[in-house]
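For reference, positions follow the sequence shown, starting with 1. Please read these numbers as outputs of a predicted model, since none were measured by experiment.
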Amino acid sequence: MKIHPTAVIDPSATLGSDVEIGAYVVVGEGVEVGDGTILHPHVVLCRGVRLGEKNTVHSGAILGGQPQDLGFSPDTRSFVEIGNRNTIREHVTIHRGSKANSVTRVGHDCFLMAGAHLGHDVQLGSRVILANNCLLGGFAVVEDRVFMGGGSVLHQHTRVGQLAMIQGLSGFSKDVPPFTIAAGRNGVAGLNIVGLRRAGFDMAARAEIKEAWKLVFRSGQNVRQALVSARERTWRAETESFFCFIESSKRGICDLRITSVDVSGEV
């Protein structure tokens, strides 16, 4: 274990083995830091942060800060839970939950680039990439293997489905369905075929997902009609998750944005 003499560590904090803590790091009350984690200089871990193993947190990141919620009481006991092998770059901010015992959560193997912000009660899956200055409002949900381009923004309570790709400088107050490419303001432009290939979806699975995407976005039916049509046949589990996501949406899903190029891609 390597701890710089200028670091301030609360006696109640728990540090795993092989932890490295840089200059002027602050580790607050009850914080848990897992084995092999590296905290670069000037990192702040506030009360209620639980870090898993082999995470790297870069300079200026503040994890576990109070929610930006006017109704929040500083005495509320809430948490930030971060899994294993995540990279959190400079000046990332992650706020803890807004209600007693609530949790803002990050999965495993995520890459949060400089300046990204996770508001209170956000749920981030595993293998998620947030490029620089992505902003996630309170209670947003981002599922596994999502990529969000730089400067993109999610309104509070918005959801992004697995393996979606979001264009930089985009904004969303509606849900982004799984496997899609999203762009602009609440727009879907096509399917993330490259992401599906890299995730190991075989040609048959990709073809069926493309068929499902066309049913929802290009059949001429509204979303409710398309879902009724979808229930007339049986789908693979991956495709079924696409329809289930849409059925469970409370904010409504993004609309198709017509482009001059068919970006739904070859399977």
Side-chain angles (χ1 to χ4, degrees), residues 56-58 60-61 82-83 85-95 104-119 122-201 206 209-210 213 216-217 242 245-246 249 251-266:
T56 301
V57 186
H58 287 257
I82 296 175
R85 300 176 304 278
N86 297 288
T87 298
I88 299 174
R89 292 302 304 257
E90 296 83 359
H91 303 289
V92 168
T93 52
I94 303 178
H95 290 172
T104 302
R105 184 174 285 108
V106 176
H108 307 298
D109 302 297
C110 295
F111 187 11
L112 280 56
M113 298 187 196
H117 171 71
L118 274 60
V122 163
Q123 306 296 306
L124 203 70
S126 295
R127 301 182 69 178
V128 173
I129 298 175
L130 304 183
N132 299 62
N133 300 312
C134 287
L135 307 177
L136 278 59
F139 297 99
V141 176
V142 177
E143 296 183 353
D144 295 347
R145 294 180 173 180
V146 167
F147 175 86
M148 294 184 62
S152 52
V153 178
L154 298 182
H155 191 275
Q156 60 186 3
H157 294 281
T158 304
R159 300 183 303 151
V160 181
Q162 62 173 311
L163 277 165
M165 174 177 285
I166 290 178
Q167 184 184 65
L169 300 178
S170 299
F172 300 90
S173 57
K174 292 184 176 182
D175 292 342
V176 179
F179 316 128
T180 58
I181 296 173
R185 183 67 62 87
N186 290 328
V188 165
L191 269 180
N192 184 16
I193 293 296
V194 173
L196 290 169
R197 286 197 192 112
R198 290 175 177 172
F201 286 64
R206 297 196 304 269
I209 290 170
K210 186 172 184 179
W213 181 86
V216 172
F217 290 105
F242 173 79
F245 181 98
I246 295 171
S249 176
R251 302 188 65 86
I253 64 169
C254 293
D255 304 312
L256 179 65
R257 292 291 186 264
I258 303 299
T259 65
S260 58
V261 178
D262 182 2
V263 292
S264 59
E266 297 297 326

Salt bridge (charged side-chain N to carboxylate O under 4.0 Å, His left out) involving Arg127 - partner list, sequence neighbours excluded
none
Only one of Val122, Leu118, Leu136 passes side-chain contact (heavy atoms from CB on, under 4.5 Å) with Leu154; say which it is.
Leu136
Ile193 backbone acceptor or donor facing Arg206 side chain under 3.5 Å
no
Under 4.5 Å between any side-chain heavy atoms of Ile246 and Val216, yes or no?
yes
Is there a side-chain contact between Met113 and Ile129, using heavy atoms and a 4.5 Å cut-off?
yes
Closest approach of Gly149 to Ala131 (non-hydrogen atoms, all atoms of both residues):
C-CB, 3.8 Å
Asn133: what forms a side chain to side chain donor-acceptor pair (under 3.5 Å) with it, not counting sequence neighbours?
none
Atom pair CG (Asn132) and CD (Glu90), whose distance is rounded to the nearest 0.5 Å:
9.0 Å
Does the side chain of Arg89 reach to within under 4.5 Å of the side chain of Thr87, using non-hydrogen atoms?
yes
Which residue pairs pass the salt bridge (charged side-chain N to carboxylate O under 4.0 Å, His left out) test when at least one of the two sits in residues 141-152, sequence neighbours left out?
none
Does some side-chain heavy atom of Leu256 sit less than 4.5 Å from a side-chain heavy atom of Trp213?
yes
For His108, the side-chain contact (heavy atoms from CB on, under 4.5 Å) test, sequence neighbours excluded, returns Asn84, Arg85, Ser126
As an exercise, state the distance from CE of Met148 to CG of Leu112, rounded to the nearest 0.5 Å.
10.0 Å
Quick check on Arg198: does its CZ atom have over 12 non-hydrogen neighbours (other residues, nucleotides or ligands) under 6.0 Å away?
no
Is any side-chain heavy atom of Ile88 less than 4.5 Å from a side-chain heavy atom of Ile82?
yes
Just grab all the salt bridge (charged side-chain N to carboxylate O under 4.0 Å, His left out) pairs involving residues 149-170, residues at least two apart or on different chains.
Arg159-Asp175
Mind running side chain to side chain donor-acceptor pair (under 3.5 Å) on Thr180 and Asn192 for me, showing each step along the way?
CA-CA 5 Å; Thr180 58; Asn192 184 16; over 6 Å; no
Tell me the salt bridge (charged side-chain N to carboxylate O under 4.0 Å, His left out) pairs involving residues 182-193, sequence neighbours left out?
none
Verify side-chain contact (heavy atoms from CB on, under 4.5 Å) between Ile253 and Phe217, making sure each step is shown before the conclusion.
CA-CA 11 Å; Ile253 64 169; Phe217 290 105; 4.0 Å; yes
Under a 4.5 Å cut-off applied to non-hydrogen side-chain atoms, are Ile209 and Leu196 in contact?
yes
Return the set of residues passing side-chain contact (heavy atoms from CB on, under 4.5 Å) with Leu135 (not counting sequence neighbours), or none when no residue passes.
His117, Val153
Flag side-chain contact, heavy atom, 4.5 Å: Ile94 against Thr104:
yes
Asn86 side chain vs Phe111 backbone, donor-acceptor pair below 3.5 Å
no
ring-ring contact (aromatic ring centres under 6.0 Å, His included) partners of residues 147-192, not counting sequence neighbours, each pair once:
Phe139-His157, Phe179-Phe201
Tell me the salt bridge (charged side-chain N to carboxylate O under 4.0 Å, His left out) pairs involving residues 133-142, sequence neighbours left out?
none
Nearest heavy-atom neighbours spanning Pro178 and Phe242:
O-CD1, 3.5 Å
What side-chain donor-acceptor pairs closer than 3.5 Å can you find for residues 162-170, not counting sequence neighbours?
| unit_1 | atom_1 | unit_2 | atom_2 | d |
| --- | --- | --- | --- | --- |
| Gln162 | NE2 | Ser241 | OG | 3.4 |
| Ser170 | OG | Gln167 | O | 2.8 |
| Ser170 | OG | Gly184 | N | 3.1 |

Residues two or more places apart in sequence or in another chain: which of them pass salt bridge (charged side-chain N to carboxylate O under 4.0 Å, His left out) with Arg105?
Glu81
Please name all residues satisfying side chain to side chain donor-acceptor pair (under 3.5 Å) with Thr56, sequence neighbours left out, ordered by chain then number.
none
